[in-house]
S.K.: 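Sharing a structure with you now.
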Amino acid sequence: MSIHNNYIAAGFKLSLGISFTVFALLIIFPLVALVLNIFSSPVDVETLFSRSVLDPLILSVLTALISTVISVFVGIPLAYVLTYKNFPLKDVLDTMVNLPFVLPPSVAGYLLLITFGKYGLLGYPLNFFGITIMFTTFAIIIAQTFVAFPFVVRSARAAMEEISPSLIDAAKTLGAREFEIFREVIVPLSKKGMLSGIIMAYARAIGEFGATMMVCGLLVTLPVAIYTNALSGEREIANVLSLILIVISFTILIIFKKVVR
Amino acid sequence: MMIELTNIVKKFDHKAVLNDVSLSVGDREIMVLLGPSGCGKTTQLKIIAGLIKQNSGDIMLNNKVINNLPPQERNIGFVFQDYALFPHKNVFENIAFGLKIRKLSENEINSRVYEMMKILEIEELEYKNISQLSGGQKQRIALARALVTNPDVLLLDEPLSALDPVLREKLREELKNILKKIGITGIYVTHDLTEAMIVGDKIAIMNEGKIQQIGTPSEVFYRPRTEFVAKFVGARNILKGQVIESNHDEVTIEVTGGANSFKIRALKYPIFERKKKMHFCIHPEDVVLSSEKADNSIRGIITGIVQNGPVIKVSIDIGGLELYAMVARRLLKYEVNDKVWVSFIRNALHPLCGKKCRSPVQETPASCIRVQ
């Protein structure tokens, strides 16, 4: 019996060791590799503040901010409707909201192309009025919003579902109408969930690559700039941009942890 | 303010949770809905408040049908079982919620909240967070929040069930006094008989979505009309038998159901006619045990003795029929397997004549009431 227990304990320790090794291979080694690369190919201050670094940084930070704001206005009402309303095809809407989580980014980019492209479903009539979306900043914002808003919906909805139905009922019997209940009860009690969804949406938006790559044209966001610089052999710039994106993502995750706590 | 429910039916997934329920609560009267869990008590309250829509039937407030009014326009207060206090607001903000929604002036809100806090003796809790309150304090805040908007009717859904027994015992009398002091029409849901008898002016006993009997606490306790009500109010001795002799004020009943029948004499009710077969109930506290043969007594064997709070519950086998007696602890001098003589106090036997009544809302028929 004790030999059997020893085998189990040894097996458990071995599986912990394997887990840590895989983690190191996936996360720690690439980070170490990046630091070594930065030291082996140092970048001068001029390059650090050059347009090839600053332009993608500013574009990414701003477009991610705008797409996060749009995600809030789209995501929170959707979360409310999915939590508190019953209607036909609710499951279909729920599934559609979650689609960007599982769709390959290239598919997302292609869908945006055939929707907002020059001859797309919406792009064609817009083009008629002289409005072009594809290959502009708007296209980047749309691509980022497409992948970011489900994070707001999912997180806000989970928080709303945690609210006891008797609190909503109590507010009703005290005279509160739907919007007053939303403002006075639902938002204050789910704000933590909403906030964590917003933070994750920003992180997802700023890191968006696949769909943006297909719709950004000549504009270059941080992830796209890393890709093009890495391919063209500009490793110094690719290193710096990667480090900036890692620092931004790390900071966002730290804020997320604080909010969730 | 009077509230009346007529033929309310509510089905969930084709299963009737409320089945043709009718109920009338008079002005400043406290009606208690008493029944086991899942019998439809809370659903009934939610329908009255407008939180759930009934499939059919009418709700009338002061003779005005309010079926289509949303909960916000019914002016019906609700104290929830879990209190439903807003955790992100302090005590004052919770109580003031309904007044703020009504957009009253700050002075008006302050004066009404402080007045209600004074009535309920919770002034010192004004700035406390909900998480800092005890169960009893939460219960008072929930009551204050529901009352401060001056509702026409107050609904209370098991407001004491989350409290410990000692606090519950203290608060149920206080709650009754507060409700009477404010003078509000109320419907109070509980599954606790003692609580129902203390708080209610009237009690409606419910089972499986139907009201079995409505009456004053003493009516439902001493004159249960159905076997369910009898068992629910503790009259656990349900007997069936036939009237074999009847004279001016007394009858002899042959009780069957065990291996051997036996005869007992009882005071006469108008419904007792010769040869009539009926069901009866006897409260365990009306069953008397003695070592020596007494008048109108039967021989039995004690099969079980169980401590039940301040009294002892004794089960006795009488020829295959099991009866229960409640005996004060200091008076019990028997043990299991002792042979005893079992008699009943003169007015112990009560006929269960519910099936003869057309509607459960009707009062107990005169034939079931013994002329004193």
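These numbers come from the heavy atoms of this one structure, side chains and all, not from hydrogens, waters or symmetry mates. Convention: sequence-line order gives letters A, B, ...; per-chain numbering from 1.
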S.K.: Do A/Leu93 and A/Leu78 touch side chain to side chain, with heavy atoms closer than 4.5 Å?
M.R.: yes
S.K.: Taking ring-ring contact (aromatic ring centres under 6.0 Å, His included) as the definition, give me every residue that meets it alongside B/Phe97, ordered by chain and number, with sequence neighbours left out.
M.R.: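 Expected list: B/Phe86.
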S.K.: Using a cut-off of under 4.5 Å on heavy-atom pairs, state which of B/Gly77, B/Ala84, B/Pro70, B/Ala49 scores highest against chain A.
M.R.: B/Ala84
S.K.: Between B/Ile76 and chain A, with a heavy-atom cut-off of 4.5 Å, which part of the residue counts as in contact: side chain, backbone, both or neither?
M.R.: backbone
S.K.: For residues 242-253 of chain A, dump all side-chain donor-acceptor pairs below 3.5 Å to protein atoms at least two apart in sequence or in another chain.
M.R.:
unit_1: A/Ser242; atom_1: OG; unit_2: A/Ala238; atom_2: O; d: 2.8
unit_1: A/Ser249; atom_1: OG; unit_2: A/Leu245; atom_2: O; d: 2.8
unit_1: A/Thr251; atom_1: OG1; unit_2: A/Val247; atom_2: O; d: 2.6

S.K.: Who pairs with A/Arg204 by side chain to side chain contact (heavy atoms under 4.5 Å, CB included), at least two apart in sequence or on another chain?
M.R.: A/Val147, A/Phe151, A/Glu208
S.K.: Sort B/Leu99 into side chain, backbone, both or neither according to what part of it lies under 4.5 angstrom from a heavy atom of chain A.
M.R.: neither
S.K.: What do you reckon, is CZ of A/Phe20 surrounded by more than 12 foreign heavy atoms closer than 6.0 Å?
M.R.: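 Counting neighbours around CZ of A/Phe20, 12 or fewer heavy atoms of other residues, nucleotides or ligands fall under 6.0 Å, so no.
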S.K.: Show me, pair by pair, the donor and acceptor atoms from chain A and chain B that are under 3.5 Å apart.
M.R.:
unit_1: A/Ser166; atom_1: OG; unit_2: B/Asp82; atom_2: OD1; d: 3.2
unit_1: A/Ser166; atom_1: OG; unit_2: B/Asp82; atom_2: OD2; d: 2.9
unit_1: A/Leu174; atom_1: O; unit_2: B/Arg102; atom_2: NH1; d: 2.8
unit_1: A/Ala176; atom_1: O; unit_2: B/Gln72; atom_2: NE2; d: 2.8
unit_1: A/Arg177; atom_1: NH2; unit_2: B/Glu73; atom_2: OE2; d: 2.9
unit_1: A/Glu184; atom_1: O; unit_2: B/His88; atom_2: NE2; d: 2.7
unit_1: A/Glu184; atom_1: OE1; unit_2: B/Lys89; atom_2: NZ; d: 3.0

S.K.: Taking the six-membered ring of A/Phe149 as reference, does the NZ or CZ atom of A/Arg154 fall below 6.0 Å from its centre and within a 45° cone about the axis?
M.R.: no
S.K.: Heavy-atom pairs under 4.5 Å with chain A - which of B/Ala142, B/Gly50, B/Pro71 has more of them than the others?
M.R.: B/Pro71
S.K.: Are B/Leu45 and B/Leu156 side-chain neighbours, meaning at least one heavy-atom pair lies under 4.5 Å?
M.R.: no
S.K.: Within a 6.0 Å radius of atom CZ on B/Phe92, are there more than 12 heavy atoms belonging to other residues, nucleotides or ligands?
M.R.: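 Yes, enclosed.
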S.K.: Side chain, backbone, both or neither: which part of A/Leu189 has a heavy atom under 4.5 Å from chain B?
M.R.: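 Side chain only.
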